[in-house]
Asks: 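Questions regarding the structure given below will be posed in turn.
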Amino acid sequence: MKIAMPKEGELLNQHFGKSKNFAVIELEENRIVNIKEVSTETLQHNHEGLAEFLNNEGVEVVITGGIGEGAYKPLIEKGFKVIRGAKGSVESVVEEYLKGELKDKKVLCSHHHAHASNEGLKKL
């Protein structure tokens, strides 16, 4: 199974749509076997293109912090499981997921500039 996460340095990027890089994490038998970084700079705010790119990478699960409806909808339409509202380093978030402790916080960003502090997030 493969998981994708927008990243900023070693941290999960809290603004999905502006992410220049994603970590694609390959899991086997409930452990990390590979992490690769892929550039998505040309796909910033191209939501359908990004969903297609992640689909072509073989990703099944997308874990993110802040995400707007425009980016969320194409992911769901492609059949991805999307977990929203995560925070921390890429590896710590994957470990939380593997332990079954990471839950979708069911939030969507409603304002383009408030992601870092989670202001502007609303419950569905």
Side-chain angles (χ1 to χ4, degrees):
M1 174 173 70
K2 290 184 180 179
I3 296 172
M5 286 189 267
K7 63 180 292 207
E8 185 170 45
E10 296 307 311
L11 298 177
L12 180 72
N13 189 342
Q14 292 300 302
H15 191 149
F16 183 89
K18 286 192 174 180
S19 296
K20 295 180 182 179
N21 300 296
F22 274 71
V24 176
I25 302 100
E26 187 173 356
L27 306 173
E28 286 181 10
E29 297 179 8
N30 216 31
R31 64 182 178 85
I32 299 170
V33 294
N34 188 41
I35 299 177
K36 75 174 181 176
E37 187 170 322
V38 295
S39 174
T40 55
E41 190 164 2
T42 60
L43 295 170
Q44 289 181 338
H45 289 287
N46 176 352
H47 306 310
E48 291 80 11
L50 182 56
E52 184 64 28
F53 176 82
L54 295 175
N55 188 54
N56 290 340
E57 284 286 325
V59 170
E60 297 174 42
V61 177
V62 175
I63 300 174
T64 188
I67 188 170
E69 187 173 351
Y72 178 72
K73 188 176 177 183
L75 294 173
I76 294 301
E77 288 172 353
K78 284 275 187 204
F80 293 104
K81 176 180 180 181
V82 181
I83 299 173
R84 300 163 286 178
K87 292 182 182 176
S89 72
V90 169
E91 289 197 34
S92 68
V93 171
V94 172
E95 292 299 326
E96 194 176 343
Y97 175 80
L98 291 172
K99 291 177 185 175
E101 298 170 352
L102 189 63
K103 305 296 180 203
D104 182 12
K105 294 188 175 54
K106 299 182 180 177
V107 291
L108 288 174
C109 297
S110 59
H111 187 268
H112 291 296
H113 303 290
H115 303 285
S117 64
N118 284 337
E119 292 175 36
L121 294 180
K122 64 178 182 177
K123 287 252 183 206
L124 290 177

Asks: Working to the nearest 0.5 Å, report the span between CD of Glu26 and CD of Glu57.
Replies: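 Answer for the CD-CD pair, Glu26 versus Glu57, is 10.5 Å.
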
Asks: Linking Ile, Leu, Val, Met, Phe, Trp and Tyr through side-chain heavy atoms less than 4.5 Å apart, which residues share a cluster with Ile3?
Replies: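 Met1, Met5, Leu12, Ile25, Leu27, Ile32, Ile35, Val61, Ile63, Ile83, Val90, Val93, Val94, Tyr97, Leu98, Leu102, which link up through side-chain heavy atoms under 4.5 Å apart, make up the rest of the cluster.
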
Asks: What residue pairs, at least two apart or across chains, pass side chain to side chain donor-acceptor pair (under 3.5 Å) with a residue in residues 3-13?
Replies: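 Pairs touching residues 3-13 that pass the test: Lys7-Glu37, Asn13-Ser19.
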
Asks: With sequence neighbours excluded, what pairs up with Thr42 under the side-chain contact (heavy atoms from CB on, under 4.5 Å) test?
Replies: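 Residues passing side-chain contact (heavy atoms from CB on, under 4.5 Å) with Thr42: none at all.
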
Asks: How far apart are the closest heavy atoms of Glu69 and Pro74, and which atoms are they?
Replies: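 So the two residues come closest at O-CD, 4.4 Å.
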
Asks: Can you list the other members of the hydrophobic cluster that holds Val33, where links are side-chain heavy atoms under 4.5 angstrom apart?
Replies: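 Its cluster mates, by chain and number: none.
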
Asks: Working to the nearest 0.5 angstrom, can you tell me the gap between Glu28 CD and Lys2 NZ?
Replies: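 Result: 10.5 Å between the selected atoms.
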
Asks: Lys103: what forms a side-chain contact (heavy atoms from CB on, under 4.5 Å) with it, not counting sequence neighbours?
Replies: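 Once residues adjacent in sequence are excluded, Lys103 has no partner under the side-chain contact (heavy atoms from CB on, under 4.5 Å) criterion.
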
Asks: Considering residues at least two apart in sequence or located in another chain, which fulfil the side chain to side chain donor-acceptor pair (under 3.5 Å) criterion with Lys78?
Replies: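 With sequence neighbours excluded, Lys78 shows a side chain to side chain donor-acceptor pair (under 3.5 Å) to Glu52, given in chain and number order.
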
Asks: Is the backbone N or O of Leu43 less than 3.5 Å from a side-chain atom of Thr40, with the two atoms forming a donor-acceptor pair by type?
Replies: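 It does not hold such a pair.
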
Asks: Would you compute the distance between atom CD of Gln14 and atom OG1 of Thr64 and round it to the nearest 0.5 angstrom?
Replies: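 The distance works out to 7.0 Å.
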
Asks: Are side-chain heavy atoms of Gln44 and Lys20 found at a separation under 4.5 Å?
Replies: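 Contact flag for Gln44/Lys20 side chains = yes.
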
Asks: So do the side chains of Leu108 and Ile67 get within less than 4.5 Å of each other, counting heavy atoms only?
Replies: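 Touching, per the 4.5 Å side-chain cut-off.
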
Asks: Which heavy atom of Pro6 sits nearest a heavy atom of Phe16, and at what distance?
Replies: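 Nearest pair, atom of Pro6 first, then Phe16: CG-CD1, 3.9 Å.
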
Asks: Could you pull out the closest heavy-atom pair between Asp104 and Val82, with the gap in Å?
Replies: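 Looks like OD2-O, 3.5 Å.
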
Asks: Decide yes or no for Phe22 and Val59: does some side-chain heavy atom of the first lie under 4.5 Å from some side-chain heavy atom of the second?
Replies: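 With C-beta onward as the side chain, the pair stays apart.
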
Asks: Are Leu11 and Val38 co-members of a hydrophobic cluster defined by side-chain heavy atoms under 4.5 Å apart?
Replies: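 No, no single cluster joins them.
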
Asks: Taking all heavy atoms of Ala71 and all of His47, pick out the closest pair and write down the distance.
Replies: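 Minimum heavy-atom separation between Ala71 and His47: CB-ND1, 3.4 Å.
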
Asks: In the structure I gave you, are the side-chain heavy atoms of Leu75 and Leu54 within less than 4.5 Å of one another anywhere?
Replies: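 They are in side-chain contact.
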
